[in-house]
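Okay, structure first, notes after.
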Amino acid sequence: MADAPQIPTVWTNRALLNWTTEYLAKKGIESPKIDAQVLLAHVLGCKKVDLLVNFDQQPPEADRNRFKELIQRRVNGWPVAYLVGTRDFYLLTFEVTPAVLIPRPETETLVAEALAFLKPKSAPAVLDVGTGSGCIGISIAHQKKDSHVTAIDVSPDALEVAKRNAAKAGVADRMTFLQGDLFAPLPAGATFDLIASNPPYIAGHEFAGLQAEVRDHEPRAALDGGADGLAFYRRIAAAVGPFLKSGGKLLLEIGATQDEAVRGLLAAQPDLEVGPTLKDDAKHPRVVTAKKK
């Protein structure tokens with residue numbers, strides 16, 4: 001490896017982390033230190049803090065080789081979450097595979113708003129459209145103990161991941177999983193207190209500019225929002241009304257530049273009243289809200 005740092009004489013945890021952090025940085029990885037810690041802790045079956053406590057421990061050669069393999073895959077563009085098979089999100093750890101989008105911290109803005117709205121309600125019915133890993137619906141079910149969450153996804157592989165995550169979180173008995181396109185699998189007359197969705201919203205022309213690890217490894221179907229990125233918002237806006245109870249709330253995650261367009265689509269629906277747009281921790285518009293009149 002031409003860009004590799006100097007090889008240490010003894011491969012302790014400290015030496016592995018220092019060498020790998022420098023190597024990943026030279027390869028242009030955005031968070032080299034954190035990535036090195038997460039991957040080594042995964043290989044050794046411990047927590048990141050254990051690495052710091054046991055800095056001078058020498059992992060066996062088999063573990064070092066496995067670590068080296070994961071580091072090479074990281075350099076080749078694989079997201080860390082897929083390499084370790086999990087991602088933390090809103091107080092839970094979710095299984096993730098290449099069949100599902102990796103949960104992002106920005107999406108926690110939607111979950112927090114959902115829980116605030118549902119808090120005073122008794123046994124609310126919740127719909128998670130395009131559930132993926134289940135991070136939105138499962139987090140809501142986990143925190144709002146008397147809710148029932150219906151989770152829909154067009155991908156059977158994604159639903160299998162979500163079902164495993166629901167079982168692990170102890171909420172499977174309060175969730176219903178349906179396969180299909182948007183609202184299509186819902187039974188006639190189904191209505192909900194809250195409908196949430198993080199739909200695909202990347203415009204066709206934006207794919208070339210995405211990070212390679214997103215563009216090349218995360219599921220295209222969970223990212224592709226059509227030519228202008230708004231295809232799913234148009235369909236949701238047009239169809240959501242009958243599935244919301246009177247006073248029910250709609251929460252839609254959006255891309256940072258889509259606030260005005262998505263608000264316009266919802267405002268055009270006579271049975272919806274558009275509410276405030278919520279910003280994420282980076283102060284970007286992130287969640288458009290609306291209520292059923």
Side-chain angles (χ1 to χ4, degrees), residues 47-48 81 84-97 99-153 158-178 182-183 185-186 190-199 222 236 240 243-254 275-292:
K47 297 179 180 179
K48 284 195 296 180
V84 302
T86 60
R87 171 59 69 90
D88 290 344
F89 177 88
Y90 210 91
L91 306 178
L92 293 170
T93 298
F94 287 84
E95 174 192 340
V96 292
T97 76
V100 301
L101 199 67
I102 298 168
R104 265 66 171 183
E106 305 87 74
T107 305
E108 294 183 353
T109 306
L110 186 155
V111 173
E113 177 66 14
L115 291 170
F117 174 73
L118 295 172
K119 187 174 183 179
K121 296 187 178 297
S122 177
V126 177
L127 176 63
D128 178 11
V129 180
T131 194
S133 66
C135 65
I136 291 174
I138 291 168
S139 294
I140 291 171
H142 183 254
Q143 293 297 302
K144 179 63 175 167
K145 303 297 186 187
D146 62 344
S147 64
H148 185 92
V149 178
T150 300
I152 296 174
D153 205 285
L159 282 178
E160 289 305 312
V161 175
K163 287 175 184 177
R164 292 195 294 270
N165 280 325
K168 182 181 175 185
V171 299
D173 60 329
R174 291 187 289 108
M175 295 193 69
T176 300
F177 293 92
L178 300 173
L182 294 184
F183 306 106
L186 289 172
T191 58
F192 300 89
D193 297 280
L194 174 81
I195 297 177
S197 183
N198 178 15
I236 291 170
V240 71
F243 300 104
L244 273 172
K245 296 180 181 179
S246 179
K249 194 158 194 175
L250 173 66
L251 300 176
L252 296 175
E253 180 166 337
I254 59 169
T277 295
L278 309 174
K279 294 186 177 181
D280 60 24
D281 288 345
K283 306 304 179 187
H284 296 136
R286 186 57 61 187
V287 180
V288 172
T289 70
K291 279 190 179 183
K292 176 80 172 282

Of all heavy-atom pairs between [X] and [Y], which one has the smallest distance, and what is that distance?
X      : Y      : answer
Gly132 : Val100 : C-CG1, 3.7 Å
Ile254 : Pro285 : CG1-O, 3.9 Å
Ser139 : Val111 : CB-CG1, 3.9 Å
Pro185 : Ile152 : CG-CG2, 3.8 Å
Lys245 : Lys292 : O-CB, 3.2 Å
Leu159 : Ala151 : CD2-O, 4.2 Å

4.5 Å side-chain heavy-atom contact, [X] and [Y]:
X      : Y      : result
Pro199 : Val129 : no
Thr93  : Arg87  : no
Tyr90  : Ile138 : no
Ile140 : Leu194 : yes
Val287 : Glu113 : no
Val149 : Thr176 : no
Leu186 : Thr150 : yes

Euclidean distance, [Y] [atom2] relative to [X] [atom1], rounded to 0.5 Å:
X      : Y      : atom1 : atom2 : result
Ile136 : Glu253 : CD1   : CD    : 6.5 Å
Leu251 : Asp128 : CG    : CG    : 11.0 Å
Asn198 : Cys135 : CG    : SG    : 7.5 Å
Leu182 : Ser197 : CG    : OG    : 7.5 Å
Gln143 : Leu92  : CD    : CG    : 7.0 Å

Are any side-chain N or O atoms of [X] and backbone N or O atoms of [Y], one a donor and one an acceptor, separated by less than 3.5 Å?
X      : Y      : value
Asp146 : Ala123 : yes
His148 : Arg174 : yes
Asp193 : Pro124 : no
Thr109 : Glu106 : yes
Lys283 : Asp280 : no
Arg286 : Thr107 : no
Thr191 : Leu244 : no

State whether Phe117 and Lys119 meet the cation-pi test: NZ (Lys) or CZ (Arg) under 6.0 Å from the six-membered ring centroid, and within 45° of the perpendicular axis. no

Tell me, with the steps shown, if Thr277 and Thr289 meet side chain to side chain contact (heavy atoms under 4.5 Å, CB included). CA-CA 6 Å; Thr277 295; Thr289 70; over 6 Å; no

Specify whether Phe89 and Phe94 have parallel, tilted or perpendicular ring planes, treating 30° as the upper limit for parallel and 60° as the lower limit for perpendicular. perpendicular

Under the rule for side-chain hydrogen bond (donor to acceptor under 3.5 Å, both in side chains), what residues qualify as partners of Glu108, not counting sequence neighbours?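 For Glu108, no residue satisfies side-chain hydrogen bond (donor to acceptor under 3.5 Å, both in side chains) once neighbours in sequence are set aside.
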
Check step by step if side chain to side chain contact (heavy atoms under 4.5 Å, CB included) holds for Phe183 and Leu127. CA-CA 10 Å; Phe183 306 106; Leu127 176 63; 3.9 Å; yes

Centres of the Phe192 and Phe243 rings: under 6.0 Å? no

Test Lys291 against Leu250 for side chain to side chain contact (heavy atoms under 4.5 Å, CB included), laying out the working first. CA-CA 6 Å; Lys291 279 190 179 183; Leu250 173 66; over 6 Å; no

Take atom CG in Asp281; do more than 12 heavy atoms of anything else shown fall under 6.0 Å from it?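 No.
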
Quiz: residues 160-172 side-chain donor-acceptor pairs under 3.5 angstrom, not counting sequence neighbours:
unit_1: Arg164; atom_1: NE; unit_2: Glu95; atom_2: OE1; d: 2.9
unit_1: Arg164; atom_1: NE; unit_2: Glu95; atom_2: OE2; d: 3.2
unit_1: Arg164; atom_1: NH2; unit_2: Glu95; atom_2: OE2; d: 2.7
unit_1: Asn165; atom_1: OD1; unit_2: Glu95; atom_2: N; d: 2.7
unit_1: Asn165; atom_1: ND2; unit_2: Glu95; atom_2: O; d: 3.1
unit_1: Asn165; atom_1: ND2; unit_2: Ser133; atom_2: O; d: 3.0
unit_1: Asn165; atom_1: ND2; unit_2: Val161; atom_2: O; d: 3.4

